[in-house]
Amino acid sequence: MQITLTGIIRLVFERLHIPANWVAPTVMLVASVIVLFFILFVVLYLIYGLRKIMGWIQARIGPNRVGPYGLAQTIADALKLLAKEDIMPAMADKWPFIIAPIIVFVPAYMVYLVIPFGKGGSWVAQDLSIGVLYISAILSIPIIGIITAGWASNNKWSLLGSFRAAAQLVSYEVPLALAMIPPVMLAGSMSLQGIVHAQQGVWFGIFPKWFLATQILGFAIYMMAALAESNLIPFDIMEAESELVAGFNTEYSGMKFALFFLAEFAGMFTVSAIAATLFLGGWLPIHPALSFIPPVFWFLGKTLVLIFVLMWIRSTLPRVRVDQLMSFGWKVLIPLALLNIVWTGAVVLFFPR
Amino acid sequence: MDNYAYIALFAVIGVAFSIFVMLLSWAIRPHRPSKVKLEPYECGEIPFGNAWRQFKVGYYIFALVFVIFDVEAIFIFPWAKELLNFKAKGLGVFAFAEMMIFIAILVVGLIYAWRKGVLKWD
């Protein structure tokens, strides 16, 4: 018998004589807290990984003082941020200033609801049947928090940063949504588990039937929009250290800043995980012969490869200008994404699965 | 079976976590504000004026076109989900052609905006 969270909790509740109708809510609560701790853990080591990889690409060493190989560096940073004095400018708008980091962090956490880490119901918090639509809806909420933060700070740098954030949103949001549509068409399902199941099997006994096979263009569009979504160079114009100090979070310090940071790195994992699910077969192995490796390792492996690619791009390319991003989004990405939908429609209609 | 209560639960836990870490940090951090510390950061210059002023948004038309295209993407989602079902019922080409007409109308709109020269930063 497979060990599941529901099974464990049911067993514990039977021993403790707690009524059985408490099982389902407790499972939900425990699953949500597990996801929260997963995010905290992932973010700690993504930050470490980013600093190490950037150090490596730029011929530096990166963090290497706290703990073996500097592994405890981000934990130390988090504790430092927790104990830092939190400064709110006297002219700032108090409540929007405090609420803004919450608005940015909560959606970044809510997206993890539908991400399938492995096979079956126990590896995803809740596999909503509207999964892809849910993701594209939730991913556009943090921008409200960013604009709130920039406006509430009452600082010119922050305000410029948040206007740029809005400019960035109107250029990448549509290509991101349009690039998520073709996998839905190919799978005939908006649930992420359904999309993964539709990618099972191999062609000619060797090529995996991942949607990447017909969606190279869609994958490229998605990854470019995902770079903008997670505010990474070349599309980090809203933070742009060398132009805007720190953009929308110039005035933030202490734990409020940490929440922005947490959301940013959680988002980096999210966009990579979604790309792995929609285009690279999620938790499916590259070939059925390799299915002895547990699905969760395939999923995390694909996601980490994509995260590495994002970090690689981040440490290689220069930043684009706002108007360059806008004309790129509107004159290149959107026409190509529409073309890709037409192409995918033709594939669905005229090729056997 | 979908359990949409999960979405609310995630939202509540996310908010609770954010408030918890903020309160935790409030409890253990030092709190020594001074007049200079509480000034807005302007690279060390003495700040002048307020940031809440009229601002020229150079991408106003983009924002309007954005609303149209974002709604369009929402319209395409249900069609994308049902396309395979339409194909199974033998209505595939019909459904495909209908969406092509819809996309064509939007592309005409995009080309019009482009030719009018509104897709540029001013």
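So that the names make sense, note that chain A is the first sequence line, chain B the second, and so on, each numbered from 1.
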**Asked** Quick one: which of A/Tyr112, A/Tyr134, A/Tyr109 gives a ring-ring contact (aromatic ring centres under 6.0 Å, His included) with B/Phe10?
**Response**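 Only match with B/Phe10 under ring-ring contact (aromatic ring centres under 6.0 Å, His included): A/Tyr109.
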
Toward chain A, the part of [X] with a non-hydrogen atom under 4.5 Å:
X	result
B/Asp70	both
B/Trp79	side chain
B/Val107	side chain
B/Val65	both

Report the option among [options] that has the most heavy-atom pairs separated by less than 4.5 Å from atoms of chain B.
options	result
A/Val184, A/Leu113, A/Leu159	A/Leu113
A/Ala166, A/Ser136, A/Gly254	A/Ala166
A/Asn154, A/Asn155, A/Val106	A/Asn154
A/Ser153, A/Ala258, A/Ser32, A/Pro89	A/Ser32

Given that the side chain runs from C-beta out, which part of [X] has a heavy atom under 4.5 Å from chain B: side chain, backbone, both or neither?
X	answer
A/Leu40	side chain
A/Ile138	neither
A/Leu169	both
A/Leu36	side chain
A/Pro183	neither
A/Ala152	backbone
A/Ile103	neither
A/Trp157	side chain
A/Glu85	both
A/Val114	neither
A/Lys84	backbone

**Request:** Kindly check if the number of other-residue, nucleotide or ligand heavy atoms within 6.0 Å of CZ (B/Phe102) is above 12?
**Result:**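 Enclosed.
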
**Prompt:** Minimum heavy-atom separation for B/Arg29 to A/Leu82, with atom names?
**Reply:**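 So the minimum-distance heavy-atom pair works out to CB-O, 4.3 Å.
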
**Prompt:** If every non-hydrogen atom of A/Met28 is compared with every non-hydrogen atom of B/Tyr6, which pair is closest and at what distance?
**Reply:**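 Result for this residue pair: CA-OH, 3.2 Å.
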
To the closest 0.5 Å, what do you measure between [atom1] ([X]) and [atom2] ([Y])?
X	Y	atom1	atom2	result
B/Ile13	A/Leu29	CD1	CG	5.0 Å
A/Leu178	B/Phe77	CG	CZ	8.0 Å
B/Ile74	A/Ile181	CD1	CD1	8.0 Å
B/Phe96	A/Met185	CZ	CE	7.0 Å
A/Ile87	B/Ser34	CD1	OG	8.0 Å
B/Met99	A/Ile341	CE	CD1	8.5 Å

Looking at [options], which has the largest count of heavy-atom pairs under 4.5 Å with chain A?
options	value
B/Glu82, B/His31, B/Glu72, B/Arg32	B/Arg32
B/Pro30, B/Ala113, B/Ala73, B/Gly92	B/Pro30
B/Ile7, B/Val93, B/Val67	B/Ile7

Under 4.5 Å between any side-chain heavy atoms of [X] and [Y], yes or no?
X	Y	value
A/Ile130	B/Tyr4	yes
B/Met22	A/Leu259	yes
A/Leu133	B/Lys81	no
A/Trp330	B/Phe69	yes

**Request:** Describe, in one word, how the ring planes of A/Phe105 and B/Phe17 are oriented to each other, choosing from parallel (under 30°), tilted (30 to 60°) and perpendicular (over 60°).
**Result:**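 Ring orientation of A/Phe105 relative to B/Phe17: tilted.
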
